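Below is one structure, written out as structure tokens; the observations come after it.
Given the structure is predicted, the values throughout are model-derived calculations rather than measurements.
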2 protein chains.
Amino acid sequence: MSNTLTTKLTSFSDLSAEEAAALDAVCNDTFTVKGRDLIRVGDRPEQVFLVLNGWACRYKDLPDGKRQILAYLIPGDLCDPHIFIFEQMDHSIRAIGEARVAAIPKQVILDLTERYPALARGLWWSALVDEAVSREWLVNVAQRDSYTRMAHLFCEIWLRMCQVKLTTGGTFDLPLTQEQLGDTLGITPVHVNRVLQRLRAEGLVTTRDRRMTIHDVDALKAAAEFDPRYLHLDARAAA
Amino acid sequence: MSNTLTTKLTSFSDLSAEEAAALDAVCNDTFTVKGRDLIRVGDRPEQVFLVLNGWACRYKDLPDGKRQILAYLIPGDLCDPHIFIFEQMDHSIRAIGEARVAAIPKQVILDLTERYPALARGLWWSALVDEAVSREWLVNVAQRDSYTRMAHLFCEIWLRMCQVKLTTGGTFDLPLTQEQLGDTLGITPVHVNRVLQRLRAEGLVTTRDRRMTIHDVDALKAAAEFDPRYLHLDARAAA
DNA sequence: CGAGATGTTGAGCTGACTCAACGGGAGTGG
DNA sequence: CCACTCCCGTTGAGTCAGCTCAACATCTCG
């Protein structure tokens, strides 16, 4: 069984058996964390983390105690291979709930991308998608009301989970508390609760045991004004 | 007189005379635009643009007519050299006011970074800073009220303009309309006006003829809860 | 000299916030 | 096995930052 990163990259372009094997081999140093920081502001990481199971997030804390979640790292996500150009991290990365993570020395990544150009290209593509997602989050928070905003986030998570084949029916893991959703969307936990209730009342989603079910993806997309192009999922078809 | 990109990269690490010259030589194909798109959603650009004079911005339009500005490109800014991995742009880039721009074929960039590793590293660093800025914008819009938010934006612009030596005293070009400020900060033009008046009333800034003067940078930083670390300006000192 | 773009002001409205309370479930310790 | 506590979700009621709508003032430029 190959790792999730392989699954993700395969959605971009075919990998040879050798490349897939090289990617899998990279994950020998794995460990489990639970709700703890993997990387903290000010660190200068010498390794790259790959999420194998569970979720993590990038976030920033503000002096007044507020927190903003900048991105989710779901299985198959790599926290940036380029970061070692900076002297220090300007944000932190933390596991959400329990997560299994592989630590990969940066040299291993460098060797890998040098030997296998297809992998290099795939990782590039993946990093660019992460940037595109970040841009869309800005649009989301700045321009859409809380209802549309939350629906939009769920559509995005849905598609990303589909990409790594972690959905069954309309259901997938969503290990977030309402507070964390609030820190993602820039709204209060109280308000998250009310908006979520509306989405449930309209029959769009159900949540249960840290899992979410989307009952009508198209209806949710419509509610979210969702245009999936920014995820660049079609790279394979177009290439 | 060398171009502004050279100035910017020099703030990261020294460039040899040869490297600086190579960078300058790249800008032979220049032109002037005024408030028009350089790149549009759906395009697949085969070249990279370097802003020499004036400003440009990345932006996205929404179906309901709203617009979000995602980033400003000021002199010395390159619109990403990696974008050609994607099939199509997911946002547009437009000149703000009148701007002089150099069009650089992507192959020229590739050659340059291959021949001069120091340049490659500098461009890397610059791209990473752009990402860091984008993350901070998300924090800004999601977590800070409109007053703090606007002050924060002005602090950032101030430091970026300083980096490319485009400030004189506390004054610098700010070719933005209040509507564009609104599209940047996620607030109404009407509200931009009122917040701006408050910043003026408190003696923090003055605007006149599309130029801004900051009268007390420290006071403005305090009002903005501004922490400049995300701009990674100290790369040189730390390295 | 007219027209569109930009900036300014006033007045009323509303989406999201604050504060405060309560319920249920999971873990912990006695 | 119960009592306690903490975390998380839920609900209600009042408040406010920022919005909408609408008018008007300036300015630029053809």
Side-chain angles (χ1 to χ4, degrees), chain A residues 34-36 55 62 64-69 94-98 140-153 173-201 205-212 223-225, chain B residues 34-36 55 57 62 64-69 94-98 140-153 173-201 205-212 223 225:
Chain A
K34 192 171 174 187
R36 270 206 357 273
W55 289 32
L62 293 159
D64 58 0
K66 293 200 198 105
R67 167 173 298 177
Q68 176 63 30
I69 292 179
R94 164 174 299 188
I96 292 176
E98 196 164 302
N140 208 25
V141 165
Q143 301 291 351
R144 297 194 255 258
D145 65 31
S146 58
Y147 172 81
T148 318
R149 204 185 295 180
M150 193 178 293
H152 197 282
L153 178 66
D173 284 340
L174 187 81
L176 303 168
T177 64
Q178 293 183 359
E179 186 182 14
Q180 289 165 331
L181 273 175
D183 289 341
T184 304
L185 297 169
I187 59 187
T188 319
V190 174
H191 198 57
V192 168
N193 185 285
R194 297 196 229 261
V195 173
L196 204 44
Q197 282 182 59
R198 191 175 147 207
L199 286 169
R200 287 195 279 242
V205 305
T206 326
T207 56
R208 189 199 161 94
D209 295 339
R210 299 278 114 118
R211 290 173 62 77
M212 168 168 277
E225 300 167 6
Chain B
K34 192 173 174 187
R36 267 203 2 270
W55 289 31
C57 68
L62 294 158
D64 58 1
K66 292 200 199 102
R67 166 173 299 176
Q68 177 62 31
I69 292 178
R94 165 172 300 187
I96 292 175
E98 196 165 302
N140 208 24
V141 165
Q143 301 291 350
R144 297 194 255 259
D145 65 30
S146 59
Y147 172 82
T148 318
R149 203 185 295 179
M150 193 178 293
H152 196 282
L153 178 66
D173 284 340
L174 188 81
L176 303 168
T177 64
Q178 293 184 0
E179 185 181 16
Q180 289 165 331
L181 274 174
D183 290 342
T184 305
L185 297 170
I187 59 186
T188 318
V190 174
H191 198 57
V192 167
N193 186 284
R194 298 196 229 259
V195 174
L196 203 44
Q197 282 182 58
R198 194 177 145 205
L199 286 169
R200 288 195 279 242
V205 305
T206 328
T207 56
R208 188 198 160 97
D209 294 339
R210 299 277 113 119
R211 289 173 65 76
M212 167 168 276
E225 299 166 7

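Within the 4.0 Å cut-off from OP1 or OP2 of D:dC8, not a single side-chain nitrogen or oxygen of A:Thr177 is found. A close approach under 4.0 Å does occur between a side-chain nitrogen or oxygen of A:Asn193 and OP1 or OP2 of D:dT10. At the phosphate of D:dC7, neither OP1 nor OP2 sits under 4.0 Å from any side-chain N or O atom of A:Gln178. Taking 4.0 angstrom as the limit, B:Arg149 places none of its side-chain polar atoms (N or O) nearer than this to OP1 or OP2 of D:dA17. Between A:Arg210 and D:dC7, a side-chain N or O to OP1/OP2 separation shorter than 4.0 Å is absent. Between B:Gln197 and C:dG7, a side-chain N or O to OP1/OP2 separation shorter than 4.0 Å is absent. Regarding contacts with the backbone of D:dG18, every side-chain N or O of B:Thr188 stays at 4.0 angstrom or more from both OP1 and OP2.
Residue-level contact check: B:Arg198 touches neither bases nor backbone, having no heavy atom under 4.0 Å from any strand. A:Gly186 comes within 4.0 angstrom of the backbone, heavy atoms only, and of no base. No contact: B:Arg144 has no heavy atom under 4.0 Å from any strand.
Looking at heavy atoms from C-beta onward, B:Arg149 lies out of side-chain contact with B:Val195 at the 4.5 angstrom threshold.
If you take NE2 of B:His191 and P of C:dC13, they are 19 Å apart, rounded to a whole angstrom. Put simply, CZ on A:Arg208 is 15 Å from C1' on C:dG24, counting in whole angstrom units. Taking atom CE on A:Met150 and atom P on C:dA16, their separation rounds to 10 Å, with Å as the unit. Rounded to whole Å, atom P of C:dT6 lies 14 Å from atom CG of B:Leu174. Rounded to an integer number of Å, the gap from B:Gln180 CD to C:dG7 C1' is 14 Å. One can place CD of B:Gln143 at 17 Å from P of D:dA17, the figure rounded to the nearest angstrom. One interatomic measurement links the two molecules: CD1 of B:Ile187 to P of D:dC16, which rounds to 20 Å at whole-angstrom precision. For the pair A:Met212 CE and D:dG9 C1', the computed distance is 14 Å after rounding to whole Å.
Between the side chain of B:Arg194 and the base of C:dG10 there is at least one donor-acceptor pair of N/O atoms closer than 3.5 Å.
Between the B:Gln143 side chain and the A:Gly186 main chain, no donor and acceptor come within less than 3.5 Å of each other. Remark: the backbone N or O of A:Pro175 is not paired with any side-chain donor or acceptor of A:Asp173 at under 3.5 angstrom. Under a 3.5 Å cut-off, the side chain of A:Asp209 and the backbone N or O of A:Arg211 do not form any donor-acceptor pair.
To the nearest 0.5 Å, atom CG of residue B:Leu174 and atom CD1 of residue B:Ile96 are 9.0 Å apart.
For B:Val190, taking side-chain heavy atoms from C-beta onward, the closest of the listed nucleotides D:dG18, C:dA16, C:dT9 is C:dT9.
Judged by closest nucleotide on DNA chain C, B:Arg200 is the one of A:Val195 and B:Arg200 placed further toward the 5' end.
Annotation for B:Val141 and B:Leu185: closest pair CG2-O, 3.9 Å, computed over non-hydrogen atoms.
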